[in-house]
Amino acid sequence: MISIRHITKRYKQVTALQDVSLELQAAQAIALIGPNGSGKSTLMKSILGLVHPDAGEITVLDQPVQRNGAYRANIGYMPQIIRFPENMQVRQLFSMMRDIRKHPGHTDNDLYQAFDIDTMANKPLGGLSGGMKQKVNAALAFLFDPRIIILDEPTAGLDPLSAEILKEKIRTEKNKGKLILISSHIMADLEEITSDVLFLMDGHIAFFKDLDTLKAETGTANLSKAIARVMTLKQESHAAH
């Protein structure tokens with residue numbers, strides 16, 4: 001679904017991504033993990049066409065990202081921070097997005113209904129709490145039944161029940177064959193909903209493995225311990241050389 005070939009992106013003296021190549025497939029829920037400054041945001045924004053790599057090519061559903069924005073109709077994106085005019089009401093936001101997208105097919109109202117967004121429909125976005133904004137953000141990401149879903153810190157700010165609703169929705173969409181890419185610092189959430197782990201370090205791919213293989217290779221029982229084990233081994237290897 002997404003093919004990334006040798007992309008490099010530099011910001012002045014900083015190399016955010018260095019010769020990164022990946023193949024991301026249908027029915028994968030991929031945890032995008034790495035320390036701050038590892039290139040996670042640059043990778044997501046490059047897929048979305050919000051950042052243009054200095055070298056390399058990205059194709060989404062066989063469409064080159066750099067040449068045509070039409071591919072974005074197949075992507076649902078949940079940014080970490082939702083940015084819309086503060087005076088706009090919630091219902092106006094959803095109406096505007098429907099007008100802009102002119103989506104001809106099925107709309108997915110599962111999260112809209114599960115989060116009772118009708119109860120906040122007349123509220124201005126600027127008056128919403130962080131958790132309420134996150135619910136709106138999530139409902140929009142899934143609204144147009146996209147084949148690819150990119151989520152940045154999706155459960156941040158959500159109460160436990162709402163977080164469980166969102167995680168169950170992610171599992172459901174993965175089982176329908178959709179590709180889901182999730183960046184989060186909450187390892188426990190990622191372990192519940194992801195099938196594969198992509199770890200970036202200093203703009204490079206440290207590893208890209210399915211979760212079960214990662215646990216087996218590291219002899220650990222959970223994602224957090226597996227990552228800690230991998231990083232310890234890498235540090236020991238570097239020290240030895």
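Since the structure is predicted, the reported quantities are computational estimates derived from the model, not experimental observations. When a residue number appears, it is its place in the shown sequence, counting from 1.
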message: For the CG atom of Leu211 and the OG1 atom of Thr194, what is their distance to the nearest 0.5 Å?
response: 5.5 Å
query: Got Val65 and Ser46 here, is their nearest side-chain heavy-atom distance under 4.5 Å?
result: no
message: Using a 6.0 Å cut-off, check whether atom CG of Asp99 has over 12 heavy atoms from anything other than its own residue.
response: yes
field: Summary of ring pair (Phe, Tyr, Trp, His ring centres under 6.0 Å) pairs that have at least one residue in residues 143-162, sequence neighbours excluded
entry: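 Those involving residues 143-162 are His103-Phe144.
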task: Examine distances only and state if a side-chain atom of Ser21 and a backbone atom of His6 form a donor-acceptor pair shorter than 3.5 Å.
output: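 Looks like yes, one N/O pair under 3.5 Å.
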field: Sole residue of Gln89, Arg91, Met132 in side chain to side chain contact (heavy atoms under 4.5 Å, CB included) with Lys123
entry: Met132
field: Of all pairs that satisfy ring pair (Phe, Tyr, Trp, His ring centres under 6.0 Å), the ones with a partner from residues 168-222, not counting sequence neighbours
entry: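 Pairs touching residues 168-222 that pass the test: Phe199-Phe207.
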Residue pair Lys215 / Glu191, side-chain heavy-atom distance below 4.5 Å: yes
message: Test: ring pair (Phe, Tyr, Trp, His ring centres under 6.0 Å). Region: residues 112-141. Which pairs qualify, not counting sequence neighbours?
response: Phe94-Tyr112
Nearest heavy atoms of Pro146 and Asn74, plus distance in Å: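 Looks like CB-O, 3.5 Å.
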query: Do Leu43 and Leu22 come within less than 4.5 Å of each other through their side chains, counting heavy atoms only?
result: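 Contact flag for Leu43/Leu22 side chains = yes.
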message: I need the full list of ring pair (Phe, Tyr, Trp, His ring centres under 6.0 Å) pairs touching residues 26-79, with sequence neighbours left out, sorted by first then second residue.
response: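 Those involving residues 26-79 do not exist here.
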field: Exercise: do Arg5 and Ser3 side chains pair donor with acceptor under 3.5 Å
entry: yes
- prompt: Using 4.0 Å as the upper bound for N to carboxylate O, is an ion pair formed by Lys40 and Glu153?
  reply: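 No salt bridge links Glu153 with Lys40.
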query: Out of curiosity, Asn137 CG to Leu128 CG, how far, rounded to the nearest 0.5 Å?
result: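 CG of Leu128 is found 11.0 Å from CG of Asn137.
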- prompt: Under a 4.5 Å side-chain heavy-atom rule over Ile, Leu, Val, Met, Phe, Trp and Tyr, are Leu48 and Met97 clustered together?
  reply: no
message: Minimum heavy-atom separation for Pro154 and Leu166, please, with both atom names.
response: O-CD2, 3.4 Å
query: Does the side chain of Ile47 come within less than 4.5 Å of Ile148's, by heavy atoms?
result: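 In short, these two side chains do not touch, never coming nearer than 4.5 Å.
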- prompt: Can any side-chain N or O of Glu86 pair as donor or acceptor with the backbone N or O of Pro124 at less than 3.5 Å?
  reply: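 Checking the backbone N and O of Pro124 against the side chain of Glu86, no donor-acceptor pair under 3.5 Å is found.
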message: Assess the residue pair Ile149 and Ile170 against the criterion (side chain to side chain contact (heavy atoms under 4.5 Å, CB included)); give the C-alpha distance rounded to whole Å, side-chain angles, the decisive distance to 0.1 Å, and a yes or no.
response: CA-CA 9 Å; Ile149 302 164; Ile170 291 169; over 6 Å; no
message: Taking the side chain as everything from C-beta on, heavy atoms only, tell me whether Thr42 gets closer than 4.5 Å to Tyr11.
response: yes
- prompt: Rounded to the nearest 0.5 Å, how far does CD1 of Ile150 lie from CG of Leu32?
  reply: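 It comes to 9.5 Å.
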task: Please identify each residue that fulfils salt bridge (Lys or Arg N to Asp or Glu O under 4.0 Å) with Asp54, with sequence neighbours left out.
output: Lys9
message: Using every non-hydrogen atom in the two residues, find where Val20 and Gly203 come nearest and quote the distance to one decimal.
response: CG2-O, 3.4 Å
field: Connected via hydrophobic side-chain network under 4.5 Å: Leu158 and Met187
entry: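 In one cluster with Leu158: Met187, yes.
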query: Passes side chain to side chain contact (heavy atoms under 4.5 Å, CB included), Met78 versus Gln134? Steps please.
result: CA-CA 9 Å; Met78 183 179 178; Gln134 197 74 336; 3.6 Å; yes
- prompt: What heavy-atom pair brings Met201 and Pro35 nearest, and what distance separates the two atoms?
  reply: SD-CG, 3.8 Å
field: Closest heavy-atom pair and its distance - Gln66, Glu57
entry: NE2-CA, 3.9 Å
- request: Check for a donor-acceptor pair, side chain of Gln25 on one end and backbone N or O of Leu179 on the other, with a separation under 3.5 Å.
  value: no
Modelled atom types, side-chain donor and acceptor of Asp189 and Thr155, under 3.5 Å: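 The criterion, which ignores hydrogens and geometry beyond distance, is satisfied for Thr155 and Asp189.
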- request: Verify the cluster assignment for Val60 and Ile180: are they in a single hydrophobic cluster under the rule of side-chain heavy atoms below 4.5 Å apart?
  value: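 Cluster IDs for Val60 and Ile180 differ.
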- prompt: Is a donor on one side and an acceptor on the other found under 3.5 Å between the side chain of Ser195 and the backbone of Ala29?
  reply: yes
message: To the closest 0.5 Å, what do you measure between CG (Asp212) and CG (Asp196)?
response: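 So the CG of Asp212 and the CG of Asp196 are separated by 9.5 Å.
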message: So which atom in Gly39 and which in Leu17 form the shortest heavy-atom distance, rounded to 0.1 Å?
response: O-CD2, 3.6 Å
Listed pairs under 3.5 Å, donor-acceptor, residues 219-228 side chains, sequence neighbours left out:
unit_1, atom_1, unit_2, atom_2, d
Thr220, OG1, Thr218, OG1, 2.7
Thr220, OG1, Ala226, N, 3.4
Asn222, OD1, Ser224, N, 3.3
Asn222, OD1, Lys225, N, 2.8

message: If you define the side chain from C-beta out and look only at heavy atoms, does anything of Arg98 sit under 4.5 Å from Leu143?
response: yes
field: Gap separating the CG atom of Asp110 from the NZ atom of Lys169, nearest 0.5 angstrom
entry: 3.5 Å
Evaluation steps, side chain to side chain contact (heavy atoms under 4.5 Å, CB included), between Leu214 and Arg229: CA-CA 10 Å; Leu214 178 62; Arg229 179 64 177 156; over 6 Å; no
query: Under a single-linkage definition using a 4.5 Å side-chain heavy-atom cutoff for Ile, Leu, Val, Met, Phe, Trp and Tyr, are Phe142 and Met1 assigned to the same hydrophobic cluster?
result: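 Not linked; separate clusters.
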- request: Starting from the C-alpha separation in whole Å, work towards a yes-or-no answer on side chain to side chain contact (heavy atoms under 4.5 Å, CB included) for Ile165 and Leu111.
  value: CA-CA 8 Å; Ile165 289 171; Leu111 289 181; 3.9 Å; yes
query: Taking everything shown except Asp202 itself, do over 12 heavy atoms lie less than 6.0 Å from its CG?
result: no
- request: Flag yes if Leu61 and Ile58 sit in one hydrophobic cluster, no otherwise; membership is Ile, Leu, Val, Met, Phe, Trp, Tyr, and two members link when side-chain heavy atoms are under 4.5 Å apart.
  value: yes
- prompt: Is the CG atom of Asn175 crowded by more than 12 outside heavy atoms at less than 6.0 Å?
  reply: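 Above 12, so yes.
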message: Measuring from atom CG of Leu198 to atom CD1 of Ile205, what distance do you get when rounded to the nearest 0.5 angstrom?
response: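 Those atoms lie 6.0 Å apart.
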message: For Arg171, I'd like to know if atom CZ has over 12 heavy atoms of other residues, nucleotides or ligands within 6.0 Å.
response: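 Check passes, neighbour count above 12.
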